[in-house]
Amino acid sequence: MIVELKEKFELSIKQGEITLVPPAEETDKGLYYLSNLDQNIAVIVQTVYCFKSDDKGKERVAEVIKEALAKVLVQYYPLAGRLTISSKGKLIVNCTGEGAVFVEATADCEMEDIGDITKPDPMTLGKLVYNIPGAKNILEIPPLVAQVTNFKCGGFILGLAMNHCMFDGLGAMEFVNSWGETARGLPLAVPPFTDRRVLEARNPPLITFPHHEFAEIEDISDTCNLYQEEMLYKSFCFEPDKLERLKRKAMEEGALKKCTTFEALSGFVWKARTGALKLQPDQKTKLLFAVDGRSRFNPPLPKGYFGNGIVLTNSLCSAGELMERPLSFAVGLVQKAVNMVTDEYMRSAIDYFEATRARPSLTSTLLITTWSRLSFHTTDFGWGEPIQSGPVSLPEKEVTLFLSHGKERKSINVLLGLPGPAMLKFQELMEI
């Protein structure tokens with residue numbers, strides 16, 4: 001009965017005036033360089049942060065957040081600009097100083113009516129993030145759009161739409177936490193390092209690795225047809241003991257001496273999803289995931305690097321081999337993909353894009369994005385840390401998200417969408 005009520009719950013939001021928030025002081029104008037690592041992931045990422053508000057100045061929530069945004073944009077000034085295409089045909093920011101888009105909204109319910117946001121629910125959560133009406137492409141969407149929604153209980157939700165080309169998860173987390181520090185009158189713990197030319201391509205480009213992450217795979221399993229079915233989104237919680245069991249299972253035949261939680265979980269999910277989609281044995285399948293290259297570059301990227309410091313790495317094999325071989329095989333492939341990411345591999349990837357302008361292909365691919373190490377839960381605008389936070393939706397059907405979960409943040413929520421019949425099979429395969 002309760003489930004039915006929750007399914008019927010419809011969030012009603014009344015949006016107020018849409019305003020632009022420019023930096024509080026004069027900032028650099030002109031064109032701002034985006035690196036080749038920024039070019040590949042120009043998608044809008046929408047996230048929500050739920051805050052309880054006591055009576056202490058709850059009517060000033062939007063005003064405090066808006067004022068702090070103007071101040072923090074002085075250091076993060078490219079976010080106040082607009083995306084455009086450079087003379088070389090690449091994304092670049094025109095630092096116009098126009099400002100971020102800011103909207104205050106009110107909801108006709110209590111915040112708890114929204115329930116658990118650990119499962120993407122674009123219908124409900126999408127209303128908590130402002131969408132630019134009539135925008136036909138990302139050039140028509142400002143890099144940062146913020147909406148503060150006030151609820152009857154006094155709580156509020158901050159909904160953000162940010163372009164991934166501006167920063168990766170770590171950079172986004174540092175920005176949002178800096179914004180919170182500014183709201184609380186504190187200096188920035190990690191000021192942004194804004195010069196992205198440290199990741200410029202070599203001249204001439206030097207490609208020293210095969211970059212299978214860009215490889216187009218033939219879809220002999222006709223998964224396009226399967227994806228005509230309605231998508232189901234589910235999250236699967238892996239508590240610490242289940243994660244330990246998974247690691248033991250990955251090492252039980254002795255093929256691996258050790259493995260990380262990420263490697264074990266990635267191999268397990270890749271294998272289960274391949275089985276759930278019933279890929280043909282000869283179907284090539286690819287696993288893509290991002291590795292944080294900040295400390296792997298030589299020299300390492302400067303602290304507070306404001307941009308994408310992540311590099312996509314990959315594993316590739318046939319579906320038949322993935323399903324027939326033990327879990328250690330899949331986990332071993334993940335391990336090799338992690339170890340492949342060296343300074344030279346990353347420079348080669350940057351140069352590969354420079355020479356080819358290729359985009360990573362997602363046919364017959366699982367793309368894992370890991371947010372489990374990101375401390376989005378520490379953001380505080382003066383009303384304490386969020387009681388929950390998470391994504392509004394998954395950017396592509398091939399994306400699976402790993403999120404930390406629970407008070408200790410030692411559990412991992414695996415979040416993904418699959419066509420209905422495949423999701424039922426995937427649920428079975430999740431049992432260990």
Side-chain angles (χ1 to χ4, degrees), residues 1-15 44-54 58 61-62 65 103-131 145-162 176 230-239 242 369 371-372 374-381 383-395 397 399-418 420 423-424 426-427 430:
M1 193 65 189
I2 293 169
V3 171
E4 255 176 60
L5 284 173
K6 284 220 166 163
E7 284 176 356
K8 284 178 184 169
F9 168 71
E10 191 167 337
L11 179 62
S12 178
I13 298 277
K14 189 178 178 192
Q15 282 168 339
I44 304 298
V45 179
Q46 297 184 328
T47 49
V48 290
Y49 304 78
C50 310
F51 296 92
K52 266 186 176 161
S53 170
D54 50 29
K58 65 183 181 191
V61 164
I65 291 175
V103 186
E104 187 176 2
T106 49
D108 65 348
C109 62
E110 313 277 315
M111 195 162 66
E112 64 182 30
D113 291 335
I114 289 173
D116 180 11
I117 66 163
T118 56
K119 188 179 86 168
D121 177 6
M123 281 299 290
T124 300
L125 300 181
K127 294 175 183 175
L128 298 164
V129 180
Y130 181 68
N131 290 293
V145 177
Q147 176 177 311
V148 172
T149 305
N150 296 298
F151 288 79
K152 283 181 174 176
C153 55
F156 67 95
I157 292 180
L158 174 64
L160 298 178
M162 303 192 284
V176 177
E230 191 186 351
M231 292 284 282
L232 283 181
Y233 289 93
K234 285 195 181 293
S235 71
F236 299 86
C237 188
F238 285 76
E239 288 96 0
K242 194 170 178 180
T369 300
W371 285 14
S372 50
L374 303 180
S375 53
F376 284 111
H377 60 284
T378 61
T379 301
D380 182 356
F381 291 92
W383 287 272
E385 295 178 355
I387 46 172
Q388 48 176 354
S389 59
V392 168
S393 62
L394 297 173
K397 65 183 186 300
V399 171
T400 293
L401 198 53
F402 290 179
L403 288 157
S404 58
H405 183 68
K407 213 159 186 60
E408 300 297 310
R409 317 206 75 75
K410 287 186 177 161
S411 298
I412 294 177
N413 255 343
V414 174
L415 216 59
L416 80 163
L418 281 170
M423 183 57 88
L424 291 173
F426 186 80
Q427 275 176 272
M430 279 288 97

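- In this structure, CG in Leu424 is found 10.0 Å from CG in Leu418, a value given to the nearest 0.5 Å.
- Contact check for Pro391 versus Trp371: side-chain heavy atoms found under the 4.5 Å cut-off.
- Using a 4.5 Å heavy-atom threshold, the side chains of Phe151 and Ile157 count as touching.
- Inter-residue side-chain proximity for Phe51 and Ile387 is flagged as unmet; no heavy-atom pair is nearer than 4.5 Å.
- Here the CG atom belonging to Leu158 is positioned 10.5 Å from the OG atom belonging to Ser389, to the nearest 0.5 angstrom.
- Between Glu110 and Cys153, the shortest heavy-atom distance links the atoms OE1-CB, 3.2 Å.
- Residues Ile117 and Val48 meet the side-chain proximity criterion, which asks for heavy atoms closer than 4.5 Å.
- Checking side-chain atoms of Gln388 against main-chain N and O of Gly115 turns up a donor-acceptor pair under 3.5 Å.
- To the nearest 0.5 Å, atom OG1 of residue Thr400 and atom CZ of residue Phe426 are 6.5 Å apart.
- Not less than 6.0 angstrom separates the ring centroid of Tyr49 from the ring centroid of Phe381.
- The closest side-chain heavy-atom distance from Val129 to Leu160 is not below 4.5 Å.
- Below 30°, between 30° and 60°, or above 60°: for Trp383 and Phe156 the angle between ring planes is above 60°, a perpendicular geometry.
- The pair Lys127-Glu10 meets the salt-bridge criterion, since a charged nitrogen lies less than 4.0 angstrom from a carboxylate oxygen.
- Asn413 contributes atom CG, which lies 9.0 Å from atom CD of Glu239 (distance to the nearest 0.5 angstrom).
- For the pair Cys50 and Pro386, the minimum side-chain heavy-atom distance is 4.5 Å or more.
- Residue Met123 places its CE atom among 12 or fewer non-hydrogen atoms of other residues, nucleotides or ligands, all under 6.0 Å distant.
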Working for side-chain contact (heavy atoms from CB on, under 4.5 Å), residues Val414 and Phe402
CA-CA 5 Å; Val414 174; Phe402 290 179; 3.9 Å; yes
Where do Glu104 and Asn150 land on the side-chain contact (heavy atoms from CB on, under 4.5 Å) test, with the steps shown first?
CA-CA 8 Å; Glu104 187 176 2; Asn150 296 298; 3.1 Å; yes
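- Going from atom CG of Leu11 over to atom CG of Asp108 covers 7.0 Å, rounded to the nearest 0.5 Å.
- Residues Leu403 and Leu415 are in side-chain contact: their nearest non-hydrogen atoms beyond the backbone lie under 4.5 Å apart.
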Taking it one step at a time, do Leu128 and Ile114 satisfy side-chain contact (heavy atoms from CB on, under 4.5 Å)?
CA-CA 11 Å; Leu128 298 164; Ile114 289 173; 4.0 Å; yes
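- You'll find the side chain of Leu401 stays beyond 4.5 Å of the side chain of Leu416, heavy atoms only.
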Just do the side-chain contact (heavy atoms from CB on, under 4.5 Å) check on Val61 and Val148 with the steps written out, would you?
CA-CA 8 Å; Val61 164; Val148 172; 3.9 Å; yes
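- Residues Cys109 and Asp113 approach most closely at CB-OD2, 3.2 Å, considering heavy atoms.
- Using modelled atom types, no side-chain atom of Gln147 and backbone atom of Ala161 make a donor-acceptor pair closer than 3.5 Å.
- Rounded to the nearest 0.5 Å, atoms CE (Met423) and NZ (Lys234) are 6.5 Å apart.
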